[in-house]
Number of protein chains: 2
Amino acid sequence: MNAQPADATQDTRHRLLEAAILIFAEKGYDGAGIREIAQRAKANSALVTYHFGGKEGLYREALRFIHQRKHSQVVLLPPPPEPDAPGARPAAIQGLKDYIRAFVADLMSCPADSEVDAAAMALIGREIQMPHPVSAPVLVEFARPYMERVLALLQILCPDLDGDARLRATLSIQGQILHFRNSLEFIRLITGDPDFPKDLEVLTQHFIDFSLRGLGVPEAFPQPRP
Amino acid sequence: MNAQPADATQDTRHRLLEAAILIFAEKGYDGAGIREIAQRAKANSALVTYHFGGKEGLYREALRFIHQRKHSQVVLLPPPPEPDAPGARPAAIQGLKDYIRAFVADLMSCPADSEVDAAAMALIGREIQMPHPVSAPVLVEFARPYMERVLALLQILCPDLDGDARLRATLSIQGQILHFRNSLEFIRLITGDPDFPKDLEVLTQHFIDFSLRGLGVPEAFPQPRP
DNA sequence: CCATATTAATCAATCGTTTGATTGAGTCAA
DNA sequence: TTGACTCAATCAAACGATTGATTAATATGG
């Protein structure tokens, strides 16, 4: 009569993965121990080896788990407009605005929503900075749609730029946002403001303005002084 | 008659600190072991406790060591102009250009120059993302002059912005550059280009253009379409 | 100036703990 | 019974720290 008649095993796997995300995000790969993870998951530490083949396997599967279950706002966006379609340019401007909004939403899922989601993004951020050898394939697959969408939009917005310049611009746009996410703790430390992004909407709008202007999109630039 | 008559002890301390920077930067605090560090420094592992009181003390002193010996290009810059001095605005534009150039130079000290310098900046980047409790004071002291200089320049360049908006802009400028530095490995991974920043000068110029335009500085914006 | 007492620095060896991994017995549904 | 799953107990290895002996450097007294 209990709520888990079958599949208690899948449930244990699931609990281990979520606990792994939390602990790995908090302490890093080396700092986290399988005993602590298992304890958080209310499971026996030997099950890490049984289900995942060891600590490394658990780490790899945890990242895969994040990649699969992530209800990304970005991939739900409509595809970027075709470069030579009529009205492609204003559509691309709106597309970049929508992308930044969705990117921020993906990254800044706050702990109030889901403790695991927040830890998952912290873990991804850490991996971007220093990829664990085991996670490289998952990480690239995870990030590719983000990169390619911005590159496609830039092809319309800045047709004069060559491939390298578009890559630099893409990394600048995503870099400023990722930096916010990855160094939140440090920013709060140096500003002394413990709840720094007081208003996420204002912050999002800043990213949009700064990026569009940074690209040199005239429509986003303030009126020239008279 | 040998070149090191006295002070063999200070030399050991020094070797331990440099080895610590290298190993901590490569493997992180938890991943690095004092045995490995001592071996790299050609010293006995007991000397870590003797000279620094333990692993944590070595870590703290290594970060202090970086902070002290860092021949920062940024702090060598002339002070930012006074807000109400004549010609402050063009001076501030030039000041921001100089700052970005110096900031990139500080961050991207390549391994060819000094293996330890490169590792030191990787370590700082790691600390910005997840500050070790022990390092927070050093880290804040390290970063403050960078933050304050940009904020002072923005006060001249964007007098209309309030304090929060200036902070957001500062973090966007530094964020894109720090992202390049901290996620170089990942960028090379996802682009498939193992020697990504082919030309550091072009990259620096991109940061300057993107930042000045992002701020909405009209002087940096391309001619409005006729 | 030398001999000796004192301190500082380094070493090999070892401490107790914790790590990830393994084992073998046990549980339970099919 | 079988096969998938879980458990407490245990393993060897690595960890950070400590020890006591040893050497190098300095200070002191005659």
Side-chain angles (χ1 to χ4, degrees), chain A residues 1-65 123 132-135, chain B residues 1-65 123 132-135:
Chain A
M1 252 311 177
N2 200 317
Q4 48 223 33
D7 251 0
T9 162
Q10 285 306 89
D11 191 61
T12 300
R13 255 187 74 102
H14 190 270
R15 283 199 329 269
L16 276 173
L17 286 170
E18 294 205 330
I21 292 171
L22 290 172
I23 307 291
F24 279 136
E26 185 186 340
K27 310 197 167 184
Y29 179 79
D30 289 308
I34 59 170
R35 282 172 174 82
E36 184 182 4
I37 294 173
Q39 188 173 11
R40 171 73 85 112
K42 298 185 199 305
N44 191 285
S45 71
L47 296 176
V48 169
T49 301
Y50 177 76
H51 282 293
F52 306 101
K55 188 188 187 183
E56 266 200 9
L58 173 60
Y59 193 68
R60 173 173 41 237
E61 288 308 310
L63 287 170
R64 264 215 266 271
F65 181 66
L123 192 53
H132 191 286
V134 137
S135 72
Chain B
M1 253 304 180
N2 199 317
Q4 49 221 33
D7 247 359
T9 162
Q10 286 306 92
D11 191 60
T12 301
R13 254 187 74 102
H14 191 270
R15 283 199 329 271
L16 277 172
L17 286 170
E18 294 206 330
I21 291 172
L22 291 171
I23 307 291
F24 279 136
E26 184 187 342
K27 309 197 168 185
Y29 180 79
D30 289 307
I34 58 170
R35 283 174 173 84
E36 185 182 4
I37 293 173
Q39 188 172 10
R40 171 73 85 112
K42 298 184 199 303
N44 191 286
S45 71
L47 295 177
V48 170
T49 302
Y50 177 77
H51 281 294
F52 305 100
K55 188 187 187 183
E56 266 201 9
L58 173 60
Y59 193 68
R60 174 174 38 236
E61 288 309 309
L63 286 170
R64 263 215 267 271
F65 181 67
L123 191 52
H132 191 288
V134 137
S135 73

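Only heavy atoms go into these numbers, but all of them, side chains included; no hydrogens, no water, no symmetry mates. Everything numeric here is computed off the predicted structure, so don't read it as measured data. All chains are named by letter (A, B, ...) in the order of the sequence lines, taking the proteins before the strands, and each is independently numbered beginning at 1.
- In this structure, B/Ile34 atom CD1 and C/dT17 atom P are separated by 17 Å, rounded to whole Å.
- Taking only side-chain atoms of A/Tyr50, from C-beta outward, the nucleotide of D/dT6, C/dA21, C/dA9 with the closest atom is D/dT6.
- Under the side-chain contact (heavy atoms from CB on, under 4.5 Å) criterion, B/Ala62 pairs with B/Leu17, B/Ala20, B/Ile21, not counting sequence neighbours.
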Got a list of protein N/O to nucleotides 21-24 of chain D N/O distances below 3.5 Å?
none

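- Under the ring-ring contact (aromatic ring centres under 6.0 Å, His included) criterion, A/Phe52 pairs with no residue, sequence neighbours left out.
- Only B/Gly54, B/Lys55, listed by number, bring a heavy atom of residues 53-61 of chain B to less than 4.0 angstrom from any atom of DNA chain D.
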Full working for side-chain contact (heavy atoms from CB on, under 4.5 Å) between B/Glu61 and B/His51: CA-CA 10 Å; B/Glu61 288 309 309; B/His51 281 294; over 6 Å; no
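- The two atoms that bring B/Arg15 and B/Ala41 nearest to each other are NE-O, 2.8 Å, heavy atoms only.
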A/Leu16/A/Phe65 under side-chain contact (heavy atoms from CB on, under 4.5 Å): CA gap, chis, key distance, verdict: CA-CA 11 Å; A/Leu16 276 173; A/Phe65 181 66; over 6 Å; no
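- For D/dT6, one of the phosphate oxygens OP1 or OP2 lies less than 4.0 angstrom from a side-chain nitrogen or oxygen of A/His51.
- Rounding to whole angstrom units, OH of residue B/Tyr29 and P of D/dG16 are separated by 8 Å.
- The separation between B/Arg35 atom CZ and C/dC11 atom P is 15 Å, rounded to whole Å.
- At whole-Å resolution of the value, CG in B/Asp30 and P in C/dT18 are 15 Å apart.
- Atoms CG (A/Asp11) and C1' (D/dC5) sit 13 Å apart, rounded to a whole Å.
- With contacts defined as side-chain heavy-atom distances shorter than 4.5 Å, the pair A/Leu58/A/Phe24 qualifies.
- Every pair passing salt bridge (Lys or Arg N to Asp or Glu O under 4.0 Å) that includes a residue from residues 16-42 of chain B is listed here, sequence neighbours excluded: B/Glu18-B/Arg69, B/Lys27-B/Glu36.
- A distance of 13.0 Å separates CD1 in A/Ile37 from CG in A/Leu47, rounded to the nearest 0.5 Å.
- Between the CG atom of B/Leu16 and the C1' atom of C/dA9 there is a distance of 12 Å, rounded to whole Å.
- If you take CZ of A/Arg15 and P of D/dC5, they are 14 Å apart, rounded to a whole angstrom.
- The side chain of B/Thr12 places an N or O atom within less than 4.0 Å of a non-bridging phosphate oxygen (OP1 or OP2) of C/dT10.
- Scanning residues 36-49 of chain B for heavy-atom distances under 4.0 Å to DNA chain D yields B/Ala46, B/Thr49.
- Pairing each heavy atom of A/Tyr29 with each of A/Glu56, the nearest pair is OH-CG, 3.1 Å.
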